[in-house]
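Throughout, numbering of the chain's residues begins at 1 and tracks the sequence. The structure displayed is predicted, hence computed values, not measured ones.
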Amino acid sequence: MTQLISKNASSLELPKAPKRWVNYLLLIIITNCAMWGAALFYLNNAKPSYTSKLSLSLPGTISYTNINLPERGTASSQAVSPYENTIQDPRENYKIIIESPVVHKAAAAKVNMTLEKFGKPRFKIIDKTTVMNLEFKGDEPQQAQAKSWAFYQAFQERLTLLRRKESAQKEGKIQTSLRDSQRKLEVAQKRFFDYRNKSGLVTDKQLEDLATNLEILRKERDGAAVKQQQSGARLRELSSNFKISTPEATQSFILQSDQVFRQHLKDYSEATSNLVLLQSKFLTRHPLIIDAQGKQDLAKSALLSRSQSLLGYPIGQQLLNKLSGDGAQQTFVEGIVTAGVDQQESKATIQELDGQIAQLQTRVETLAKHKSTLEALKREMQIAEAVYSSSLASLDVNKSNFYGSYPEVQLLTDPSLPDEPNSPQKNLVLLGTGLASILSMTAILTMYSRSSKLKLVPATISAKEQ
């Protein structure tokens with residue numbers, strides 16, 4: 001019984017597992033040798049690569065100059081930020097230029113490299129700053145730095161070319177506008193000066209002087225009219241006091257104005273006075289009276305003849321008596337004559353002034369019309385001058401504002417000369433290989449453990465079945 005039980009127990013023993021761990025050990029060794037061999041081969045045979053870095057910066061503000069020349073001019077300067085436009089960022093524009101094959105070819109040509117060997121820079125824009133970072137790789141430190149300098153020069157040359165093209169386009173448009181403005185200005189000036197020479201109105205003061213002279217003539221005319229009225233009133237008053245009619249007063253004025261008539265009147269008055277004196281002493285037939293009577297008749301005949309010559313008819317005895325009366329009468333007559341002379345002079349002055357005023361008024365009205373036209377032509381000329389000056393100022397501003405749409409780029413940091421290669425990085429390669437080795441061993445051991453458990457389960461099941 002005991003032997004039977006022992007035999008059965010021996011039949012239930014698990015079969016011995018084969019030595020599979022040797023295979024997994026070999027796998028671990030092979031894997032690690034491969035990884036470390038590859039890492040060591042890479043470290044020993046990989047060419048070192050050096051990286052040169054440089055930083056570019058765009059200025060925060062750009063200065064613009066505005067010129068205004070209405071009165072030969074005003075100039076103002078304004079600082080404008082290239083980042084004020086929210087639609088575009090100049091750094092993104094520069095990124096496109098940096099990535100342009102034209103710049104790459106120009107930079108490669110400076111260091112005598114092919115485009116493939118020169119490579120492309122790593123470009124990065126730092127947020128919320130004006131800084132742009134670039135990196136260039138090279139087989140040697142000097143080569144990496146040379147590539148950085150070459151690229152920076154090619155980049156600046158490309159920007160200069162683009163600025164010149166933009167400036168030339170703007171200048172071409174401004175030059176066209178300037179020529180058109182100059183032509184319009186010349187036409188406006190010619191029209192203005194031709195019309196001014198034709199009209200005779202050289203300055204505004206000329207019209208002012210004519211208006212002043214016209215006012216003076218009008219005042220003189222008013223004065224002459226007042227004097228004429230005063231002379232007429234005096235003449236009427238004297239005529240009324242002396243009981244002489246206006247026609248008689250007019251005749252007296254004409255006769256008394258003649259020197260020959262006045263001499264004959266004097267002779268007649270003396271002869272009449274002498275005759276009256278002799279008549280008071282002698283009889284009518286006295287020789288002295290007869291002689292005095294003859295002289296009176298002779299003087300009267302001369303007066304009548306002279307009045308006939310002056311008036312066209314001889315004066316009557318009544319007027320002759322008034323003209324040759326006593327001293328009071330003579331005073332009245334002289335007053336009438338003086339008043340008549342003043343009235344005639346005032347009338348002649350008024351007529352002359354009326355003629356001058358009419359001519360001057362016509363001249364002033366004509367010049368006023370010319371002035372209105374001249375002012376319109378002058379405004380056109382001033383507008384043409386302003387447009388021409390603005391175009392000329394814009395041309396100067398365009399020349400001074402060379403940077404335009406491409407702001408000036410400042411080299412914030414010079415291309416660096418790397419001290420150590422950035423690849424291969426020995427420490428990083430060894431660390432990576434070590435981690436990979438650990439991970440691979442862990443994975444293999446995990447596989448071995450799972451494989452052993454799977455083999456053990458079927459063996460136990462078969463033992464139970466027996």
| task | Can you see which heavy atom on F136 is nearest to which on A144, and at what distance? | result | O-CB, 3.8 Å
| said: With rounding to the nearest 0.5 angstrom, report the CG to CD1 distance, L161 to I97. | reply: 10.5 Å
| For I98 and F155, which heavy atoms make the closest approach, and how far apart are they? | CG1-CE1, 3.7 Å
| pair L185-E385: side-chain heavy atoms closer than 4.5 Å | yes
| task | Decide yes or no on salt bridge (charged side-chain N to carboxylate O under 4.0 Å, His left out) for D180 and K184, but give the supporting numbers first. | result | CA-CA 6 Å; D180 185 57; K184 291 181 179 179; 3.4 Å; yes
| query | Any side-chain heavy-atom pair from L217 and N213 closer than 4.5 angstrom? | reply | no
| Between T349 and E220, does a side chain to side chain contact (heavy atoms under 4.5 Å, CB included) hold up when you go through it step by step? | CA-CA 9 Å; T349 301; E220 291 180 358; over 6 Å; no
| message | As an exercise, state the distance from CG of L54 to CD of Q145, rounded to the nearest 0.5 Å. | response | 10.5 Å
| Side-chain donor-acceptor pair present, Q263, Q259, cut-off under 3.5 Å | no
| Derivation and outcome, side chain to side chain contact (heavy atoms under 4.5 Å, CB included), residues R221 and I350 | CA-CA 6 Å; R221 200 266 182 198; I350 290 174; 3.5 Å; yes
| Spatial distance of atom CD (E186) from atom CZ (R183) [nearest 0.5 Å] | 9.0 Å
| task | Side-chain contact test, heavy atoms from C-beta onward, threshold under 4.5 Å: evaluate it for M132 versus Y94 and give yes or no. | result | yes
| note | Here the gap from L412 atom CG to T130 atom OG1, rounded to the nearest 0.5 Å, amounts to 7.5 Å
| field | Rounded distance (nearest 0.5 Å) linking atom CE of M35 with atom CD1 of I30 | value | 12.0 Å
| said: How close do I28 and M441 get, counting heavy atoms only, and between which atoms? | reply: CG2-CG, 3.4 Å
| said: Between R191 and E380, does any NZ, NE, NH1 or NH2 come within less than 4.0 Å of an OD or OE carboxylate oxygen? | reply: yes
| message | With a 3.5 Å distance limit and no angle check, can you tell me whether S449 reaches the backbone of L445 through a side-chain donor-acceptor pair? | response | no
| Minimal non-hydrogen separation, Y152 against V409, with atom names | OH-O, 4.3 Å
| Do K378 and L374 have side chains that get closer than 4.5 Å, going by heavy atoms? | no
| request: Might you work through the side chain to side chain contact (heavy atoms under 4.5 Å, CB included) test for Y50 and D139, ending with a clear yes or no? | output: CA-CA 6 Å; Y50 297 87; D139 296 338; over 6 Å; no
| query | Between S167 and R163, is there a donor-acceptor pair closer than 3.5 Å when you use the side chain of the first and the backbone of the second? | reply | no
| For atom CZ of R262, is the number of surrounding heavy atoms from other residues, nucleotides or ligands below 6.0 Å larger than 12? | yes
| note | Rounded to the nearest 0.5 Å, the CG atom of L377 sits from the CE atom of M381 at a distance of 9.0 Å
| Any V131 side-chain heavy atom under 4.5 Å of S55 side chain | yes
| query | Do the non-hydrogen side-chain atoms of L134 and S148 ever get within less than 4.5 Å of each other? | reply | no
| Side-chain (K147) to main-chain (F118) donor-acceptor, under 3.5 angstrom | yes
| Counting only N and O atoms by type, is there a donor-acceptor contact under 3.5 Å from the side chain of S177 to the main-chain atoms of K173? | no
| field | N/O donor-acceptor pair under 3.5 Å between S52 side chain and S416 backbone | value | yes
| note | Closest heavy-atom pair, P418 versus P141, reported as atoms and distance to 0.1 Å, is O-CB, 3.4 Å
| message | Please find the pair of heavy atoms, one from V111 and one from A150, that lie closest to each other, and give the distance. | response | CG1-CB, 3.7 Å
| task | May I have all residue pairs that pass side-chain hydrogen bond (donor to acceptor under 3.5 Å, both in side chains) and include part of residues 96-118, sequence neighbours excluded? | result | K110-E157
| said: Do R158 and V102 make a side-chain contact, defined as non-hydrogen atoms from C-beta onward lying under 4.5 Å apart? | reply: yes
| task | Begin with the C-alpha distance, continue with both residues' side-chain angles, and end with the deciding distance and a verdict on side chain to side chain contact (heavy atoms under 4.5 Å, CB included) for L431 and L435. | result | CA-CA 6 Å; L431 178 61; L435 291 176; 4.3 Å; yes
| note | Contacts of Y388 meeting ring pair (Phe, Tyr, Trp, His ring centres under 6.0 Å) (sequence neighbours excluded), chain-then-number -> none
| Q356 versus R218, side-chain donor and acceptor atoms under 3.5 Å | no
| task | Just do the side chain to side chain donor-acceptor pair (under 3.5 Å) check on T31 and S440 with the steps written out, would you? | result | CA-CA 7 Å; T31 303; S440 65; 5.6 Å; no
| query | Do the charged groups of K219 and D222 touch, with an N to O distance under 4.0 Å? | reply | no
| request: Decide yes or no for V103 and F151: does some side-chain heavy atom of the first lie under 4.5 Å from some side-chain heavy atom of the second? | output: yes
| message | Taking salt bridge (charged side-chain N to carboxylate O under 4.0 Å, His left out) as the definition, give me every residue that meets it alongside R379, ordered by chain and number, with sequence neighbours left out. | response | none
